[in-house]
Amino acid sequence: MSQEQVSYLELLARGAATEGFDRPVLLARASGAGPEELAELEQAKQLALRVRAELEGRRRREAELSALFETAHDLAGLRDLDAVLRAIVQRARSLLGTEVAYLSLNDPAAGDTYMRVTEGSVSARFQQLRLGMGEGLGGLVAQTARPYVTDNYFDDARFQHTRTIDSAVGDEGLVAILGVPLTLGSQVIGVLFAADRRARVFEREQVALLGSFAAHAAVAIDTAHLLAETRSALAELERANEIIREHSGVIERASEVHDRLTELVLHGGGVHDVAAAVSEVLGGRVEFIDAARDPVRDPVRDAGRLADGHALREGDRWVAAVSAGGETFGALVLHGQPDLDPVDQRTLERAALVTSLLLLARRSAGEAEQRVRGELLDDLLDAPDRDRRLLRERAARLRTDVDAPHVVLAARIDRAGSGAESDSGVRESADRQRLWSAASHLAATRHGLASARDGGTVLLLPLGPGENAAELARQTAKHLGGALREPVTVGASALVDSPLATPGRVATAYEEARRCMDALRLLHRSGEGAAAEDLGFLGLLLADTRDIEGFVDRTIGQVVAYDQRRGTDLVRTMDAYFASGMSPARTKDDLHVHVNTVAQRIDRIGRLLGPDWQSPARALEIQLALRLHAMSSAVTR
């Protein structure tokens, strides 16, 4: 073997380019080799080139097989269809050596084909392109299920050109395009493309290779569809199992709530116990709304439309009427469970029925207790000389301490125009009943007594820590007015140290409370609560105790105390100031002091008594208090 032939082997081993195989012949010709030697070298060159081509073909087929193997491996571990399709398009572009590769899928609903995956594309319009069936090269492949190749797209008249497709292809700058169909059986589901931005010829092997990738892509899509259908079927089975489990759970909950409600009734449970039990079983929040206390709320209005006993859905809540004998007591409202199983609905309805029975029983017991409390108070008012031991025993059974300090209160509803002819006796009777019921409830909660009397209600309530008669009257007016949603005027008596200590003391205190209530109405203070001490000198006239010292102390006590602490003469200054017609100039003459001294004393009095102490109403009370204080001081001396 000559040296030149050895050089060809070295070129093959090195994988040199085709041009490198011309060098040994050129060197031999330059060194003056003869025709025979040159012919041998040319023959060796051609043989080496054939070997080189064979090696390149083997390497290419090896790369193709490797890519196909990797694609098959991706399909075996298919998790993300988009990732598999992107890998197929990337490998097709790499092996065919094209600048762009892309894949489109058919849309049976729209009757066209659209871009699914692109690789190497730079045009947004091209990436969002949709082709009608038969339009462009891709539309022709999708329609005929045959591969098509063009060396120059814009010069090829075999397929239908449209402005939209040509503009998108022009934006991308594509010239040579190869498209092969993606088929499942006899159905074309899309097209796989390889394209260049220059004219080129795609060889038969390249068309076959792209077809192999298209087959893998079709398998990937079919596998993904099968997986999706399998997952859907599994999800439906899971939902069916969940429905069965939920239905079983609902039946168990219904049985549980039935047992719990029965136990509550047998052990004397209340309405809120029922609501709590149903809340726990149904998994929401159940609220009882009392029609008597909250009649304007929507659930109570809704309950009036549920006379058939069925629960009603209102938005994200369920409402079940609590009613009996045509009377609606309120409603059970379930929050937080907008989608109720029919069995759970019946559970809520059953709980509403149990609640109505409990309310009926409680009402019966409450009415009996109210009658007993009313009878005891009537005896204290009308028959105080009865056996005190028996009265005390009756009070003890009602948990009322008749030896503790109490206040008697008179209450009446004061509706605007209550004296008009339009007011019927039926309505007045209903008002008295409502007032007595609310007052009886208040008396029971405070361990007092209440009775209907003289068109209104009388209450005997114990004083709480830090309370006085006036404050108790205001609280009672506010409570009863809020419960009835009507103005309720309440007058209070002075303190009754012990209702049983002096026979007739409760009746006397009731008359005082009635006079105070009537005075409030005459003073246009309906709907308020007050005691005699709140009415100034008018309270002296109304009260039986004639608490002159208390009136003086409430009216000018701060000024008297200031004089006693500081040794000042503010009381005498006030007396002189009123005697002189509230003239500072005449006052200073009477007191023999400078007018500035009078002004300073008047300013100090204003700070002690308040800025309105010279108003007509306050001035009248202050002058009366000054006279009473002077009389008391004279008696003391």
Side-chain angles (χ1 to χ4, degrees), residues 64 67-68 71-72 74-75 78 81-82 84-93 95-96 98 100-119 121 126-162 164-166 168-169 172 174-196 200-229:
E64 293 170 356
L68 291 174
T71 302
D74 289 343
L75 289 176
L78 177 65
L81 176 62
D82 286 338
V84 174
L85 294 181
R86 280 195 300 271
I88 290 173
V89 172
Q90 290 169 356
R91 288 165 189 158
R93 177 193 177 199
L95 288 177
L96 270 68
T98 57
V100 181
Y102 50 100
L103 183 147
S104 67
L105 292 180
N106 292 355
D107 186 347
D112 60 7
T113 183
Y114 64 95
M115 292 294 183
R116 175 66 182 272
V117 181
T118 63
E119 177 69 21
S121 172
F126 182 79
Q127 295 166 11
Q128 299 170 6
L129 182 63
R130 299 186 74 97
L131 296 80
M133 301 301 286
E135 294 179 354
L137 185 143
L140 187 60
V141 173
Q143 185 180 50
T144 63
R146 294 174 56 190
Y148 274 84
V149 62
T150 179
D151 299 339
N152 192 319
Y153 174 81
F154 291 99
D155 294 339
D156 198 326
R158 290 177 301 163
F159 40 82
Q160 179 183 350
H161 289 266
T162 67
T164 301
I165 299 174
D166 288 356
V169 174
E172 192 63 57
L174 300 182
V175 177
I177 303 175
L178 166 62
V180 296
L182 280 69
T183 59
L184 286 176
S186 59
Q187 181 184 5
V188 178
I189 63 172
V191 181
L192 180 60
F193 299 87
D196 260 332
R200 67 170 285 180
V201 176
F202 287 97
E203 300 175 358
R204 182 179 301 174
E205 292 81 1
Q206 293 175 321
V207 175
L209 178 60
L210 192 62
S212 298
F213 280 113
H216 281 300
V219 171
I221 295 170
D222 188 42
T223 302
H225 288 165
L226 291 175
L227 287 174
E229 292 175 359

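We use all heavy atoms of the structure for the numbers below, so side chains are in, but hydrogens, waters and symmetry mates are not. Numbers here are sequence positions counted from 1.
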Give me the atom names and distance for the closest heavy-atom approach of [X] to [Y].
X: Q127; Y: M115; value: O-CB, 3.3 Å
X: T113; Y: L105; value: OG1-O, 3.0 Å
X: A195; Y: T98; value: O-CB, 3.2 Å
X: A101; Y: V89; value: O-CG1, 3.3 Å
X: A214; Y: P181; value: CB-O, 3.6 Å
X: R200; Y: L96; value: NH1-O, 3.3 Å

Return the [atom1] to [atom2] distance between [X] and [Y], rounded to the nearest 0.5 Å.
X: I221; Y: L184; atom1: CD1; atom2: CG; value: 7.5 Å
X: L182; Y: I88; atom1: CG; atom2: CD1; value: 8.0 Å
X: I177; Y: N152; atom1: CD1; atom2: CG; value: 9.5 Å
X: R93; Y: L210; atom1: CZ; atom2: CG; value: 14.0 Å
X: L209; Y: L178; atom1: CG; atom2: CG; value: 9.5 Å

Sub-6.0 Å ring centroid separation between F202 and Y148: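 Not under 6.0 Å, so no.
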
Under 3.5 Å donor-acceptor pairs involving side-chain atoms of residues 129-143, not counting sequence neighbours:
residue: R130; atom: NE; partner: D112; partner atom: OD2; Å: 3.0
residue: R130; atom: NH2; partner: D107; partner atom: OD2; Å: 2.9
residue: R130; atom: NH2; partner: D112; partner atom: OD1; Å: 2.9
residue: E135; atom: OE1; partner: G132; partner atom: N; Å: 3.1

Does the plane of the ring in F126 sit parallel, tilted or perpendicular to the ring in Y102? Use 30° and 60° as the thresholds.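 F126 vs Y102 ring planes: perpendicular.
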
Test T150 against R158 for side chain to side chain contact (heavy atoms under 4.5 Å, CB included), laying out the working first. CA-CA 9 Å; T150 179; R158 290 177 301 163; 4.0 Å; yes

Measuring only between side-chain heavy atoms, which start at C-beta, is D166 closer than 4.5 Å to Y153?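 Side-chain contact under 4.5 Å: yes.
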
Can you establish whether the number of heavy atoms outside R204 located under 6.0 Å from its atom CZ is more than 12?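 No.
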
